[in-house]
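Below is one structure, written out as structure tokens, with a few remarks after it.
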Amino acid sequence: MPVARPEPQEPRVIAHLDLDCFYVQVEQRRNPALRGQPTAVVQYNDWKGGGLIAVSYEARKFGVKRSMRGDEAKNVCPGINLVQVPVSRDKADLNVYRNAGSEVVVAILSTKGKCERASIDEVYLDLTDAAKEMHLESPPESSESIFEEATKSNILDLPSDVGDREENVKAWLCRADANYQDKLLACGAILVAQLRVKVLEETQFTCSAGIAHNKMLAKLVSGMHKPAQQTVVPSSSVQDFLASLPVKKMKQLGGKLGSSLQDDLGVETVGDLLGFTEEKLQEYYGVNTGTWLWKTARGISGEEVEDRLLPKSHVCGKTFPGPKALKNNSSVKSWLDKLCEELSERIQSDLSCNKRVAQTLTLHARASKENEGNSMKKFPSKSCPLRYGTGKIQEDAMKLFESGLHDFWGSRNAGWSITSLSVTASKIFDIPSGTNSILKYIKGRSSDASSAILDSSSTPESTPSVDNKLYMTPVHEERCESSSMKEDCDNSNSAKQCSSIEGKGLPKKLPKVQGAGSILKFLSQSQPGQHEKRNFDGLICSHQGPESSSGASEAEQHGRDNINTAVVHSSGSGDTWMLNVEDIDPAVVGELPLEIQREIQGWIRPLKQATPKKRGSTISSYFSPARR
DNA sequence: ACGGGTACCACG
DNA sequence: TCGTGGTAC
């Protein structure tokens, strides 16, 4: 349910940019022969010609719509070009479109002001500062000429089909008697026009845009005149514009909430909403949504443009409709493996390009029961800490699946069918970039790095940043037939494979670590493999190393040298954890042999978010494949 | 046999 | 916190 945000008192200038039929444009750039042709992008053409996911404006004239199958499109538009989405690992691979979307963000980045990547083909901008600056230094009203693309704007107030449109627009943009807000919007319109031209020059992509005082209105009109046009919403036009607008057109009201407004309150247009007091709306929809509706009806929205260029999560999924449904563990496993492979590639790429790590792995599935009944029961989603490395992700995802299947289906082992699977990497954090690196210490390259750490960790209370530099990963319990486990597998089947379905084999949540700085110090000072132990706030810590004979088996088991790994035993919970303490200095990590890099990437995990830092993420290379 | 594959948000 | 549900493109 939507929620209202406190709105800034100062008027803002917000733009929403939207690439026109984006996937089609990407394909047209790749194959210019498609330009100007009726074209659509389809995925999986084996069933009824595949599903359309983008349609060119030439094809739309024939009535071709998204949601059609390729065959239908051919029927209404025989000359249509159908381009297929690339496939890898037997699933759609959207990377080329993601990369193209990044290009656009890059082109926009030079903009002064906040930029929010809202989706693969949409961006919000907060141009308030830039507009104010233009208003001060080169206001349109005192310019001799107006940027031409800006004069093609659509101004909501202006009748669009009267007289010389461009002259009218120019006059509006230059109005000396306008209020301050409208003058800022005029500046915003010019800025956006320039930006759109820049995007076109640098990427060959056209886009449409909306310019308004808030995100909601900007988004609402960005698609109003398409393609390759922009629309401005002066505050004076908001009321009339919204009054006749069908509620369903509003973002957030396109679904059940909008239907409820229609069916339960008889509200057809946004204007109809004005007849309800805030209290009344709250009665129906709760405090938050009620207030949001009340404000929305008045064109009020305080939602801020976030300063974010990168996605918050990565999802790889696939559906298995009808006869393609998966009905046994091995087919699930092979698909899950493919999905995890792709996911692993994408988070590795995110790591090496953007210095970000994902913390949580989630598995979603849709399942139906075989014999009809189509019981409403849903397959539960499950998540666990994310361990880097394709194999680990695959293992964990399969365990998550088994755990979910157990909830869904009990201990039976047949009769279900899976119609969709997806794996998500989320809770992504920037890795704090530090100059100190325990890695340097470990490598024996530089001693100031370690002493710098020791210096700070010797006064932990004054340097909370030390905690931010502790990265840890739990020991993974490989064996689920651990003797301590109760024999609760009700299945007479002797295969014990199912005993992990309770989720026991999954990586566990990390315990809270106090005094992390001290552990760091201990690790730095102690010799690996000497079995010296320390107690840190209930965590018994020993420093493991390759020389440690007793540690060798465990080290081998986990396939890594434990040179800077602490084994920590929690007397409270009885859990054992392997802590890997790294202050990741990307430059240093980058110099290491690739296998080592890979291992390190598998270890790191932020304990908590570091101080709000704005490090420049290199979005330009975000989706390029990880270096090999 | 579903518009697929993603993404984000709010709520309990 | 995690898991669910809704919405959008």
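Just so we're on the same page: letters track the sequence lines, and every chain starts at 1.
Distances were taken from every side-chain heavy atom of K382(A) (C-beta onward) to each of dA8(C), dG3(C), dT6(B); the shortest belongs to dG3(C). Distances from the side chain of S383(A) to the nucleotides dT6(B), dG5(B), dG3(C) place dG3(C) closest. The side chain of L257(A) approaches dT7(C) more closely than any other nucleotide in the set dT4(C), dT6(B), dT7(C). Taking only side-chain atoms of R66(A), from C-beta outward, the nucleotide of dG3(B), dT4(C), dG5(B) with the closest atom is dG3(B). With distances taken from any side-chain atom of H364(A) to the nucleotides dT4(C), dC8(B), dT6(B), the minimum falls on dT4(C). Comparing dT6(B), dA8(C), dC11(B) by their nearest atom to the side chain of N288(A) picks out dC11(B). Side chain of P311(A), nearest nucleotide from dT7(C), dG5(B), dC8(B): dC8(B). When the nucleotides dC9(C), dG5(B), dG3(C) are ranked by their closest atom to the side chain of K318(A), dG5(B) comes out on top.
T319(A) comes within contact range of the sugar-phosphate backbone alone, with a heavy-atom separation under 4.0 Å but no base atom that close. Contacts of K219(A) with the nucleic acid, taken as non-hydrogen atoms under 4.0 Å apart, involve only primed sugar atoms and P, OP1 or OP2. Contacts of R366(A) with the nucleic acid, taken as non-hydrogen atoms under 4.0 Å apart, are absent. F22(A) comes within contact range of no nucleotide atom at all, as no heavy-atom separation falls under 4.0 Å. As judged by a 4.0 angstrom heavy-atom cut-off over every strand, Q252(A) is placed among residues touching the sugar-phosphate backbone only. Among the protein residues, P380(A) comes within range of the sugar-phosphate backbone only, with heavy atoms under 4.0 Å from sugar or phosphate atoms but none that close to a base. Counting non-hydrogen atoms under 4.0 angstrom, L253(A) reaches the backbone sugars and phosphates but no base. Residue E306(A) is classed as a sugar-phosphate contact, given heavy-atom separations below 4.0 Å to backbone atoms only.
The interatomic distance linking R60(A) (CZ) with dC9(C) (P) rounds to 12 Å, in whole Å. With rounding to whole Å, K312(A) atom NZ is found 18 Å from dA8(C) atom P. L293(A) has its CG atom 12 Å from the P atom of dT7(C), to the nearest Å. Remark: C1' of dC9(B) and NZ of K256(A) are 16 Å apart, rounded to the nearest angstrom. Taking atom CD1 of residue I120(A) and atom P of nucleotide dG5(B), one finds them 14 Å apart after rounding to whole Å. Nucleotide dG3(B) holds its C1' atom 14 Å from the CG atom of D71(A), rounded to whole Å. As a whole-Å value, the separation of R117(A) CZ from dC8(B) P is 7 Å. Here dA8(C) presents its P atom at 17 Å from CD of E116(A), a figure rounded to the nearest Å.
Applying the 6.0 Å contact sphere to NZ of K249(A) captures no more than 12 heavy atoms from other residues, nucleotides or ligands. Around atom CZ of R60(A), more than 12 heavy atoms belonging to other residues, nucleotides or ligands sit under 6.0 Å away.
Between K65(A) and the phosphate of dC9(C), there is no side-chain N or O to OP1/OP2 separation shorter than 4.0 Å. A sub-4.0 Å separation between OP1 or OP2 of dC8(B) and a side-chain N or O of S313(A) is present. A sub-4.0 Å separation between OP1 or OP2 of dT6(B) and a side-chain N or O of Y97(A) is absent. Taking side-chain N and O atoms only, S381(A) has a distance below 4.0 Å to OP1 or OP2 of dT4(C). Remark: R98(A) is not in phosphate contact with dG5(B), judged by side-chain N or O atoms under 4.0 Å from OP1 or OP2.
Along DNA chain B, the nucleotide nearest to C316(A) and the one nearest to P323(A) differ in position, and the one closer to the 5' end is contacted by P323(A). Heavy-atom distances to DNA chain B give each of R308(A) and Q43(A) a nearest nucleotide, and the one nearer the 5′ end belongs to Q43(A).
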Donor-acceptor pairs under 3.5 Å, side chain of residues 47-57 of chain A to any protein atom, not counting sequence neighbours: which ones?
| residue | atom | partner | partner atom | Å |
| --- | --- | --- | --- | --- |
| S56(A) | OG | Q37(A) | O | 3.3 |
| S56(A) | OG | T39(A) | N | 2.9 |
| S56(A) | OG | T39(A) | O | 3.3 |
| S56(A) | OG | E58(A) | OE1 | 3.1 |
| S56(A) | OG | A59(A) | N | 3.3 |

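Centroid-to-centroid, the aromatic rings of F401(A) and F379(A) come within less than 6.0 Å.
At a cut-off of 3.5 Å, with distance as the only test, no side-chain donor of N99(A) or S102(A) sits close to an acceptor on the other residue. S422(A) and H364(A) share no side-chain donor-acceptor pair at under 3.5 Å. Checked by atom type, the side-chain pair T291(A)/E278(A) shows a donor-acceptor distance below 3.5 Å. With 3.5 Å as the limit, one finds no donor-acceptor pair spanning the side chains of Y97(A) and Q25(A).
Without hydrogens or angle criteria, K295(A) side chain to A4(A) main chain gives no donor-acceptor distance under 3.5 Å.
With salt bridges taken as basic N to acidic carboxylate O contacts below 4.0 Å, one links E103(A) and R29(A).
Residues of residues 45-54 of chain A that place a heavy atom closer than 4.0 Å to DNA chain B, in numerical order, are W47(A), I53(A).
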